[in-house]
There are 2 protein chains.
Amino acid sequence: MRLDEKFYLSENNVPFKEFFNFGMSVDCILFGYKNGEVRVLLIERGADPFKHFWALPGDLVTADLTLEDAASNVLYRLTGLENIFMEQFHAFSEVQRHPVGRVITIGYYALVRSENHKPVASAWATESKWFNINKLPELAFDHKEILDLAIGTLKRKVRNEPIGFELLPPKFTLLELQKLYEALLGYKFDKPNFRKKLLSMNLLVPLDEVQSNVSHRPAKLFKFDPDRYKTLKEEGFHFDLQ
Amino acid sequence: MRLDEKFYLSENNVPFKEFFNFGMSVDCILFGYKNGEVRVLLIERGADPFKHFWALPGDLVTADLTLEDAASNVLYRLTGLENIFMEQFHAFSEVQRHPVGRVITIGYYALVRSENHKPVASAWATESKWFNINKLPELAFDHKEILDLAIGTLKRKVRNEPIGFELLPPKFTLLELQKLYEALLGYKFDKPNFRKKLLSMNLLVPLDEVQSNVSHRPAKLFKFDPDRYKTLKEEGFHFDLQ
DNA sequence: TCAAAAGTGTTCCGAATACACCCATGC
DNA sequence: GCATGGGTGTATTCGGAACACTTTTGA
């Protein structure tokens, strides 16, 4: 259903079509975790403006796609992976934020298991590379602002929802989980207390499997139980790590 | 700085300007609180499409405004108030969500002290009216989806940040605050414990003033201390109500 | 045997819970 | 006096913090 344009005048009688001149883009903050470091995948721009600058992977959106589709496409082209955990977090709309025209961008943060994939090169990026979130290069456009907000959002989210698991392999030890949270939040947990707290939540399923090839007592492996979380949440449970 | 368009070809060599055909709008969910009820201000549409339907107040965005400006304008035209507490919460981008073209809308929720203002009529609305958030009419466009997400966001936010005060008059009693939270969250608090918890946070400043004209012992009035909250937050304090 | 990390148990403290109870005001 | 909500005190419980300790593996 497309209605007649005459219906669509603004309060000041501006013709409807005058409003349809925005560009939309998505920018993705892809987080990973390796060797105790939280990392983000950046690309080196292969074209002006900001050629050779590091930037967030992103793209202009075409009229046939939702923002979620567009962000999924960016992540797929970047990693070869589908169904990456991904969540919208903010719209950036400064009038002069993009040098070529009025582009509003929607930020998505996404979480992957670093080991699972190799970032691939693409037409819009000459290179892609993981950066420790505490050692970031200068970025193109307003991407520093976007990335800062993404990091803040991740730190807040990770305390209130069990999404940290998306950064770990499907099977993990409790100490690996603890180290991840320590890297994300920037402080230490007491090992026995962290264990007790996480296990008391009943979100982790112990597996009949242990670490191998470690030069110490091998740790039991666990997996996260998303269905269990769903059930608990409906019963009023709130995931909460301080 | 406007760069030459030749720089801006997509991966498939689509000319840059082909991307600049989106309409942007903002939709505002204005929450209020009165007589123990959480309410939202809706407008009755005065024009097609969805003429005579109840809808969220909103507007198309012009190229010279940020989204925040646009949302502030909507709220100002609606209430006559400036500097209303307001926060972006989601972008809605279903391809067919608007019957006349590709309009992406950004949802803002906002909080006002109901007593402070009278909703005013405007060109795009024949009427505006407060609705209890549990007794909502049928809505235009995808506004039900937007409103539902706004309510969910408010309930979550109100537990983790001291924004509930935005819905109360500047001076309030502890029981008024408790009733507000009970209405927002849908469950009861124990009076002595609620008092102790809130006062122990040191966010409330007791005033040398009490209720008047009440047929019972007049309650002490308090005000919220935003500077104190800022300080505490920087020290690692997390507002938290279960 | 030693290093390293896994894993358990216990004590202590403070916050949340569940109450009972008294206070001040208008009618 | 009595109804109404304001406001305080206390006993109990529960969870988190701190920390000591034992266990299991590889080298």
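Letters go in sequence order (proteins before strands), and every chain restarts at 1.
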Under 4.0 angstrom, heavy atoms only, what part of the nucleic acid is L174(B) near: base, sugar-phosphate, or nothing? nothing
side-chain hydrogen bond (donor to acceptor under 3.5 Å, both in side chains) partners of T173(B), counting only residues at least two apart: none
Under the rule for ring-ring contact (aromatic ring centres under 6.0 Å, His included), what residues qualify as partners of F131(B), not counting sequence neighbours? W54(B)
Could you give the side-chain donor-acceptor pairs of residues 80-90 of chain A under 3.5 Å, partners two or more places apart or in another chain?
from   : atom 1 : to      : atom 2 : distance (Å)
E87(A) : OE1    : Y109(A) : OH     : 2.6
E87(A) : OE1    : K157(A) : NZ     : 3.4
Q88(A) : OE1    : H90(B)  : ND1    : 3.3
Q88(A) : OE1    : A91(B)  : N      : 2.6
Q88(A) : NE2    : E68(A)  : OE2    : 3.3
Q88(A) : NE2    : Y108(A) : OH     : 3.3
Q88(A) : NE2    : A91(B)  : O      : 3.1
H90(A) : ND1    : Q88(B)  : OE1    : 3.3

Contacting residues from residues 207-223 of chain B, given that a heavy atom lies under 4.0 angstrom of DNA chain C: V214(B), S215(B), H216(B), R217(B), P218(B)
At a 4.0 Å cut-off to heavy atoms of chain A, the contacted part of DNA chain D spans dG16(D) to dG26(D)
Considering only residues two or more places apart or on different chains, which pairs with a residue in residues 223-242 of chain B satisfy side chain to side chain donor-acceptor pair (under 3.5 Å)? R159(A)-H238(B), H238(A)-Q242(B), Q242(A)-H238(B), D240(B)-Q242(B)
Show the distances under 3.5 angstrom between N or O atoms of the protein and N or O atoms of nucleotides 14-17 of chain C.
from    : atom 1 : to      : atom 2 : distance (Å)
dA16(C) : OP1    : K197(B) : NZ     : 3.3

Please identify each residue that fulfils side-chain hydrogen bond (donor to acceptor under 3.5 Å, both in side chains) with S25(A), with sequence neighbours left out. T105(A)
Review item, side-chain donor-acceptor pairs of residues 207-217 of chain A, under 3.5 Å, at least two apart:
from    : atom 1 : to      : atom 2 : distance (Å)
E209(A) : OE1    : K171(A) : NZ     : 2.9
E209(A) : OE2    : K171(A) : NZ     : 3.4
Q211(A) : OE1    : A219(A) : N      : 3.0

Going by side-chain hydrogen bond (donor to acceptor under 3.5 Å, both in side chains), name the residues that satisfy it together with D148(A), two or more places apart in sequence or in a different chain. K144(A)
Tell me, which pairs form a side chain to side chain donor-acceptor pair (under 3.5 Å) where one or both residues lie in residues 182-207 of chain A, sequence neighbours left out? Q178(A)-E182(A), D190(A)-N193(A)
Rounded to whole Å, how long is the line connecting atom CG of L175(B) with atom C1' of dA24(C)? 15 Å
With N160(B) via side-chain hydrogen bond (donor to acceptor under 3.5 Å, both in side chains) - residues at least two apart: none
Enclosure of F237(B) CZ (heavy-atom neighbours >12, cutoff 6.0 Å): yes
note: Q178(A), atom CD; dA5(C), atom P; distance rounded to Å ~ 12 Å
L198(A) CG to dT8(C) C1': how many Å, rounded? 17 Å
